[in-house]
Amino acid sequence: MSETVYIETSILGYLTARPSRDIVVAATIEITREWWDMRRSYFQLYSSQAVVKETSQGDAAISSQRLEILRDFSLLDLNQSVLDLAEQFLGRSNLPAKADVDAVHIAAATVHGMDYLLTWNCKHIANAQIQRKLAEISLDLGYELPILCTPYELLGD
């Protein structure tokens, strides 16, 4: 059985991004596409309705590309357990209130037992200081926090 990955919105954003002259953005786009082309087949990919909602916003042509990519994913249920855990994350960690959707992404991946949550959101999700507290909260409530990481960390050989 292959490992599971929750694909967060920022991954789809960089997969469908227009070319950029900003060297950091260009590198992020390239790493995302490299992971997508070379490594995604090694994992079972999941997402949620929260990602569908976020990817529906913005430029119509690009949002339709993002939604097309999502068609092949299994969507995790945003059930009461997910919403309750997201609330705990917001109330007991250093996640700011404005990161409510980020808390839902993390909670969905946690409640549904994902191995990884793939993101480029290093401010609120793939953030070492925040992860420590989220892991503690998850354990308190009987869950194991998935590894919250960027595509760069899952490139492998």
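Keep in mind that what you see is a predicted model, and the values were worked out from it rather than measured. Here, residue 1 is the first one in the sequence, and each next residue gets the next number.
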Sequence neighbours left out, what passes side chain to side chain contact (heavy atoms under 4.5 Å, CB included) with [X]? Give chain and number order.
{"X": "A99", "result": "L95, P96, D102, H124"}
{"X": "E153", "result": "C149, T150"}
{"X": "L67", "result": "V52, T55, S56, L70"}
{"X": "E87", "result": "none"}

Rounded to the nearest 0.5 Å, what separates atom [atom1] in [X] from atom [atom2] in [Y]?
{"X": "N121", "Y": "L117", "atom1": "CG", "atom2": "CG", "value": "9.5 Å"}
{"X": "S47", "Y": "I11", "atom1": "OG", "atom2": "CD1", "value": "10.0 Å"}
{"X": "I130", "Y": "N94", "atom1": "CD1", "atom2": "CG", "value": "5.0 Å"}
{"X": "L148", "Y": "Q131", "atom1": "CG", "atom2": "CD", "value": "4.0 Å"}

Applying the 4.5 Å side-chain criterion to the ILVMFWY set and letting contacts propagate, would [X] and [Y] be lumped into a single cluster?
{"X": "L139", "Y": "M114", "result": "no"}
{"X": "L45", "Y": "I31", "result": "yes"}
{"X": "I7", "Y": "L15", "result": "yes"}
{"X": "I125", "Y": "L90", "result": "yes"}
{"X": "V5", "Y": "Y152", "result": "yes"}

Identify, with sequence neighbours excluded, every residue that meets side chain to side chain donor-acceptor pair (under 3.5 Å) alongside R92. Q88, D140
Any P146 side-chain heavy atom under 4.5 Å of Y116 side chain: no
Side chain to side chain, V51 and F73, heavy atoms closer than 4.5 Å: no
Under 3.5 Å, is there a donor-acceptor pair between the side chain of [X] and the main chain of [Y]?
{"X": "T4", "Y": "D115", "result": "yes"}
{"X": "S20", "Y": "V25", "result": "no"}
{"X": "R39", "Y": "W35", "result": "no"}
{"X": "S2", "Y": "F43", "result": "no"}

Working note: Y143 + I137, criterion side-chain contact (heavy atoms from CB on, under 4.5 Å); need CA distance, chi angles, decisive distance, verdict. CA-CA 8 Å; Y143 298 107; I137 295 164; over 6 Å; no
State, to 0.1 Å, how close [X] and [Y] come at their nearest heavy-atom pair, and which atoms those are.
{"X": "K53", "Y": "Q57", "value": "O-CG, 3.6 Å"}
{"X": "Y42", "Y": "M38", "value": "CE1-O, 3.4 Å"}
{"X": "Q44", "Y": "Y46", "value": "OE1-OH, 3.0 Å"}
{"X": "A86", "Y": "A107", "value": "N-CB, 3.5 Å"}
{"X": "L76", "Y": "A108", "value": "CD1-O, 3.8 Å"}
{"X": "C122", "Y": "N127", "value": "O-CB, 3.4 Å"}

Polar contact flag, side-chain donor to acceptor under 3.5 angstrom, T28-W120: no
What pairs of residues pass the salt bridge (charged side-chain N to carboxylate O under 4.0 Å, His left out) test when at least one of them lies in residues 4-33, not counting sequence neighbours? R18-D59
Salt bridge (charged side-chain N to carboxylate O under 4.0 Å, His left out) contacts touching residues 64-75 (sequence neighbours left out): E68-R71
Could you note down all residue pairs passing side-chain hydrogen bond (donor to acceptor under 3.5 Å, both in side chains) where residues 73-83 supplies at least one of them, sequence neighbours left out? Q80-D84
Taking it one step at a time, do V82 and H112 satisfy side-chain contact (heavy atoms from CB on, under 4.5 Å)? CA-CA 8 Å; V82 169; H112 292 286; 3.9 Å; yes
Could you walk me through whether L145 and I106 pass side-chain contact (heavy atoms from CB on, under 4.5 Å), step by step? CA-CA 8 Å; L145 188 73; I106 301 164; 3.6 Å; yes
Suppose we screen for ring pair (Phe, Tyr, Trp, His ring centres under 6.0 Å). Which residues come up paired with Y6, at least two apart in sequence or across chains? H105
Residues in salt bridge (Lys or Arg N to Asp or Glu O under 4.0 Å) contact with E136, at least two apart in sequence or another chain: K133
For L134 and S93: C-alpha separation, side-chain torsions, deciding distance, then whether side-chain contact (heavy atoms from CB on, under 4.5 Å) applies. CA-CA 6 Å; L134 296 176; S93 77; 3.9 Å; yes
Which hydrophobic side chains are connected to V101, either touching it within the sub-4.5 Å cutoff or through other members that do? none
Other than I23, which residues form its hydrophobic cluster under the rule that side-chain heavy atoms must be closer than 4.5 Å? V24
